[in-house]
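Shown next, in structure tokens, is the structure this report addresses.
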There are 2 protein chains.
Amino acid sequence: MAKTFPDRQRTLGSLLRLPYQALQSAVYGALAERGFDDIRAAHSAVFRHIDADGTRLTVLAERAGMTKQSMAYLVDALAQAGYLTAAADPQDGRARRVLLTRRGDQAMTALLELSADFEHRLAERLGTARMARLRTLLEALADVVEIAPDGANAT
Amino acid sequence: MAKTFPDRQRTLGSLLRLPYQALQSAVYGALAERGFDDIRAAHSAVFRHIDADGTRLTVLAERAGMTKQSMAYLVDALAQAGYLTAAADPQDGRARRVLLTRRGDQAMTALLELSADFEHRLAERLGTARMARLRTLLEALADVVEIAPDGANAT
DNA sequence: CAATTTAGTCAGCAAGACTGACTAACTGGA
DNA sequence: TCCAGTTAGTCAGTCTTGCTGACTAAATTG
């Protein structure tokens, strides 16, 4: 009993999703343990796209492939938690530049470190050579996907 | 201007997320075009884990790594849209077996086809050999991640 | 300088996940 | 056999993270 469907092997989707989710929970779990317990995975959209000298909300939203309202929500939460500040844009009176605070910078550094850590731990299990090949292939894949099959493309 | 942070190269996370999201939007977009426009990505948690001879809600939830309430929500939507039916479980009066209808079966078939299509299109761009190597490495990665680094593991 | 575009806000909605408290049914031991 | 404990599923409510639409204020351009 409990017949599995015959042709349902592992789809590419699950092969990508599985390690991605493992990484996410490992990284954001460890981040919380380091004291950054008010940063959630969604907030990484900000850290991923902010420039060292600040970035306007609209630009952040564009880069992350989401609406400015959604981005405003994320930025707001991070600003209230002390990771970001907003300064007036000298070039444009309507705009505000979003900037990382010192603490925001620390959080981003931690985020990058933890991600690298996770990759190292995987490399230990998979073998350094295979991990390197995997990374190379994923980079090639990303290049190929960027000019994407169907128009719909973000982040 | 617009200085990028120096050490922010492509993290493993983005290398996994990018193709994953591209696949998702391509597959579910095409699925909608084929007439299955009431199936959303989250519903795949059901299709991924249901057995040919039906599966109980609790089992589905467990396999998908989510609460039974969340799974009930997904099952409910798919049942109302005609993709699933529920039959009483002869072994257990409390339980109901969730079953695919004929239409549910068609949707799952389409889902698998479209996923394979997408993979083929990527293979064309990346080269068949490289795509095969990538898949092999991802399968190895999945095996290694399954015994995961941090306890927190689902799906 | 009027018309249009752009930056950001406000208000409200929806999907998809969660927790806690509950009912009904099954199971194992005294 | 019956009662205590476990299990299947539901109900009600919350939270996160995305969306749309309508708006104000500032900038740009013909």
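Here the structure is a predicted model, which means the values were calculated and not measured.
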Kindly state each residue pair satisfying salt bridge (charged side-chain N to carboxylate O under 4.0 Å, His left out) with at least one member in [range], sequence neighbours excluded.
range: residues 101-110 of chain B; value: none
range: residues 37-47 of chain B; value: none
range: residues 77-87 of chain A; value: none
range: residues 70-81 of chain B; value: none

**OP:** Output all residues satisfying side chain to side chain donor-acceptor pair (under 3.5 Å) with A:Glu119, sequence neighbours left out; order by chain, then residue number.
**Re:** A:Arg135
Original post:
Expressed in angstrom and rounded to an integer, what is the separation of A:Lys68 atom NZ from D:dT24 atom C1'?
Top reply: 11 Å
Original post:
Quick one: B:Gln69 CD to D:dC15 C1', roughly how many Å, whole number?
Top reply: 15 Å
Salt bridge (charged side-chain N to carboxylate O under 4.0 Å, His left out) against [X], all qualifying residues, sequence neighbours excluded:
X: B:Asp89; value: B:Arg97
X: B:Arg94; value: B:Asp92
X: A:Glu113; value: A:Arg34

Report all interatomic pairs (protein N or O, nucleotide N or O of nucleotides 27-30 of chain D) with separations under 3.5 Å.
| from | atom 1 | to | atom 2 | distance (Å) |
| --- | --- | --- | --- | --- |
| D:dA27 | OP1 | A:Gly93 | N | 2.6 |

Original post:
Is it true that A:Leu138 and B:Leu18 fall in one hydrophobic cluster, defined by side-chain heavy atoms closer than 4.5 Å?
Top reply: yes
Original post:
Linking I/L/V/M/F/W/Y whenever their side-chain heavy atoms sit closer than 4.5 Å, directly or via other members, would B:Val144 and A:Leu15 fall into one cluster?
Top reply: yes
Original post:
Just the endpoints, please: which first and last nucleotides of DNA chain C, 5' to 3', lie under 4.0 Å from a heavy atom of chain B?
Top reply: C:dA15 to C:dC26
Original post:
Could you state the interatomic distance from NZ (B:Lys68) to OG1 (B:Thr58), rounded to the nearest 0.5 Å?
Top reply: 6.0 Å
Original post:
Do you see a donor-acceptor pair shorter than 3.5 Å between the side chains of A:Ser14 and A:Arg10?
Top reply: no
Subject >> Contact residues, residues 79-90 of chain B to DNA chain C [heavy atom, < 4.0 Å] >> reply: none
Subject >> Closest non-hydrogen atom pair between B:Ala42 and B:Leu74, with its separation >> reply: O-CD1, 3.6 Å
Polar atom pairs between nucleotides 16-18 of chain D and protein, under 3.5 Å, N or O only, would you list them?
| from | atom 1 | to | atom 2 | distance (Å) |
| --- | --- | --- | --- | --- |
| D:dT17 | OP2 | A:Arg40 | NE | 3.1 |

